[in-house]
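The next block holds one structure in the form of C-alpha cells; read it before the comments.
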There are 2 protein chains.
Amino acid sequence: MRKVGRPKAQDSAFDRSLALKKSALDLLSRDTAGKVTIKDIGREANVTTAMIYYYFEDKDDLLRSAIEYAIDNSFEHFDKLSQDIEHPAALIHEWLRTHEELVEPIRKMMKLNLDYKMGKDRTDRTDQAIQRFYDSERTILLDCVKRGIRLGIFTEVDPESIWVIVSTFLDGAMVRSGIVDGFDVRKAIVVFEALLWDRLGYNSKSF
Amino acid sequence: MRKVGRPKAQDSAFDRSLALKKSALDLLSRDTAGKVTIKDIGREANVTTAMIYYYFEDKDDLLRSAIEYAIDNSFEHFDKLSQDIEHPAALIHEWLRTHEELVEPIRKMMKLNLDYKMGKDRTDRTDQAIQRFYDSERTILLDCVKRGIRLGIFTEVDPESIWVIVSTFLDGAMVRSGIVDGFDVRKAIVVFEALLWDRLGYNSKSF
DNA sequence: GTCTATAAAAGGATAGAC
DNA sequence: GTCTATCCTTTTATAGAC
C-alpha cells in the first residue's frame, strides 16, 4: 500500500463524491447493502474511509445518495427520449428499445429501489425521488397514448390501462432478466411489442 | 430476559429449523441480507444464536435454506392450482388471481431471488431450486395455452409468446407493488387480463 | 481536503456446562 | 438439544496531524 507524498485537492472535474456514489451503486447492485462495507466502497472509488465521512454524513447517507443518483440518471435518459421523439408510436418503440439496451442499469436501479423501499431506513427525500421518477414515466406514456389516439393512429383505448400494462411489463422484464438465467429480454420485449401494436391497432411494419 | 428453567427438547411438531427459516424469510424480505443478523433471526424465532449453528452450518446456509423454503412454498401453491383446474381459461384466471392474492409472499420470494442471484454466494442447490420453479411455471402456462388452442377456445397464437408475456407481466406487478406506493395490483392485473382474453380471442363474460 | 491511526460497537462463530 | 458466556474479527465512525 504505497502512499503518494502529499494529497492533492481534487479539482471538480473528478468529483470524489460522485465517484463514491458510482462505486456504491455498483457494489450495491451486485450485493446487498450491509454486506457492502464503506471500506469496499472506498477501495472501489479510491477514497479513504475517513473521506467518506467528509463527503457524507454516514453510510446510510451515502447509500441513499447513490440511489438518488441512479434514479436521476434514468430519469434524464427517459426525459430526453420524450423530448426528442414526436411520433407516439416511435416514442413507444424507442421506450421499449431503451429498456432492452439499458437492462443492466435499470435493473440495478430497480433492485436498489426495492431494497430501499422494503427496508426501514427511509427518508422523504429519497421516497420523493422514486415517486418523481415513476410519475414522470406515467405522464410521458399517458401523453403519448393520448396523442396517438387524437392523431388517429391508435385505436380508442384507455390510456391509463396501456400505461399500466406497458410499464409493469417492462419492470417485469428487467427483474426477470436478473433472476432467471437465460431469460431473453430482447425476445420478451419483441413479442410484447407485437401484442401492444395489435391492441393499439397500429400497423408497425415500419419498425 | 427471563429464562425458563431447563430446556425441553422440541418435538417435531414445532420444528425449530422451520421456525428459523420462516423468521429469516420474514426479516430478509423486510431488509437486506447482511443487515439482518443471526441474532435478529434468532430473536424473531425464539432460538438462541448457538442453536442456529446446531441446525445450520453457518449464516449463509440458513439464508439459502430460507430462500429454498420460500420457493418450495410458491411451487406447491401453483402446482396444486394446475392440478385442481382443468379448464385452460379458468386456470389462467386463477393464476392471475392467485398472484393478486399472494402479492406479499411472492414479492418476498422474488426479492430474495434477486438478492441471491445478484449476490455472489451461490450454490448449485439453490440455483436449481429457482430454476425448477420457473421451469414449472413455464410448463404449466405453456400446456395450458396449448390445450386451449386444441380445444378451440383460444385463437391460434404462439404459446411461448403468451407465456413470456403473462409471466413477465406478473413479475412486474409483484415488484412494482413493492416499489411504487399506491400501485394497484388488482387493477393492473384486471386490465392485463382483459388484454389477454382479447389476444386469445376468448370471451371472458363468465368471469 | 486528505491521510493514518484508533476507538467503539457489532457481528459471526464456538466452548462447555447441563 | 439447549443455553450462557465469550472470543475474535469486521465494521463503523472519529481524532488529529499535515
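Just so it is clear, the model here is predicted, and its values are computed rather than measured. First the proteins, then the strands, lettered A, B, ... as listed; each starts at 1.
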Map A:Lys39 and A:Val47 onto DNA chain C by nearest heavy atom, then report which one ends up closer to the 5' terminus.
A:Val47

If the cut-off is 4.0 Å, is [X] near the phosphate of [N], judged by side-chain N/O to OP1 or OP2?
X: A:Arg43; N: D:dT11; answer: no
X: A:Tyr53; N: D:dT14; answer: no
X: A:Thr48; N: C:dC3; answer: yes
X: A:Lys59; N: D:dT12; answer: yes

What I'd like to find out is whether the side chain of A:Asp115 reaches to under 4.5 Å of the side chain of B:Asp115, using heavy atoms alone.
yes

For ring-ring contact (aromatic ring centres under 6.0 Å, His included), just list the numbers for B:Phe78 and B:His99, CA-CA rounded to whole Å, side-chain angles, deciding distance to a tenth of an Å, and then say yes or no.
CA-CA 10 Å; B:Phe78 288 116; B:His99 273 81; 5.0 Å; yes

Taking the side chain of [X] as heavy atoms from C-beta outward, which of [options] is closest to it?
X: B:Ile38; options: C:dA13, D:dT11, D:dT4; answer: C:dA13
X: A:Met51; options: C:dG11, C:dC3, D:dT11; answer: C:dC3
X: B:Tyr54; options: D:dT2, C:dC3, C:dG1; answer: D:dT2
X: B:Asp58; options: C:dC3, C:dA13, D:dT2; answer: C:dA13
X: A:Tyr55; options: C:dA13, D:dT14, C:dT2; answer: C:dT2

In plain terms, say whether B:Arg97 and B:Glu100 are close enough for a salt bridge, that is, a side-chain N and a carboxylate O under 4.0 Å apart.
no

Decide whether a cation-pi geometry holds between A:Arg64 and A:Tyr116; the criteria are a distance under 6.0 Å from NZ or CZ to the six-membered ring centre and an angle within 45° of the ring axis.
no

Between the two end axes of the helix from C:dG1-D:dC18 to C:dC18-D:dG1, each built from 5 base pairs, what angle do you get to the nearest 10°?
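Rounded to the nearest 10 degrees, the bend comes out at 0°.
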
Take the protein atom [atom1] of [X] and the nucleotide atom [atom2] of [N], then report the distance between them rounded to whole Å.
X: B:Leu63; N: C:dA13; atom1: CG; atom2: P; result: 11 Å
X: A:Arg16; N: C:dG1; atom1: CZ; atom2: C1'; result: 8 Å
X: B:Ile52; N: D:dT2; atom1: CD1; atom2: P; result: 13 Å
X: A:Ile41; N: D:dT11; atom1: CD1; atom2: C1'; result: 12 Å
X: A:Leu20; N: D:dT12; atom1: CG; atom2: P; result: 14 Å
X: A:Asp40; N: D:dA13; atom1: CG; atom2: P; result: 14 Å
X: A:Leu62; N: D:dA13; atom1: CG; atom2: P; result: 11 Å
X: B:Asn46; N: D:dC3; atom1: CG; atom2: C1'; result: 14 Å

Start at the 5' end of DNA chain D and walk down; is the nucleotide closest to A:Lys35 or to A:Glu57 reached first?
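That would be A:Lys35.
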
Side-chain (B:Ser23) to main-chain (B:Leu20) donor-acceptor, under 3.5 angstrom
no

Has the side chain of B:Asp40 got a donor or acceptor atom that lies under 3.5 Å from a matching backbone atom of B:Thr37?
yes

Kindly give the heavy-atom pair with the smallest separation between A:Ile85 and A:Leu91, and that separation in Å.
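Taking A:Ile85 first and A:Leu91 second, the nearest heavy atoms are CG2-N, 3.6 Å.
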
Under 3.5 Å, sequence neighbours excluded: what are the donor-acceptor pairs made by side chains of residues 68-77 of chain A?
{"residue": "A:Glu68", "atom": "OE1", "partner": "A:Arg125", "partner atom": "NE", "Å": "3.0"}
{"residue": "A:Glu68", "atom": "OE1", "partner": "A:Arg125", "partner atom": "NH2", "Å": "3.3"}
{"residue": "A:Glu68", "atom": "OE2", "partner": "A:Arg125", "partner atom": "NE", "Å": "3.2"}
{"residue": "A:Glu68", "atom": "OE2", "partner": "A:Arg125", "partner atom": "NH2", "Å": "3.4"}
{"residue": "A:Glu68", "atom": "OE2", "partner": "A:Thr126", "partner atom": "OG1", "Å": "2.6"}
{"residue": "A:Ser74", "atom": "OG", "partner": "A:Ala70", "partner atom": "O", "Å": "3.4"}

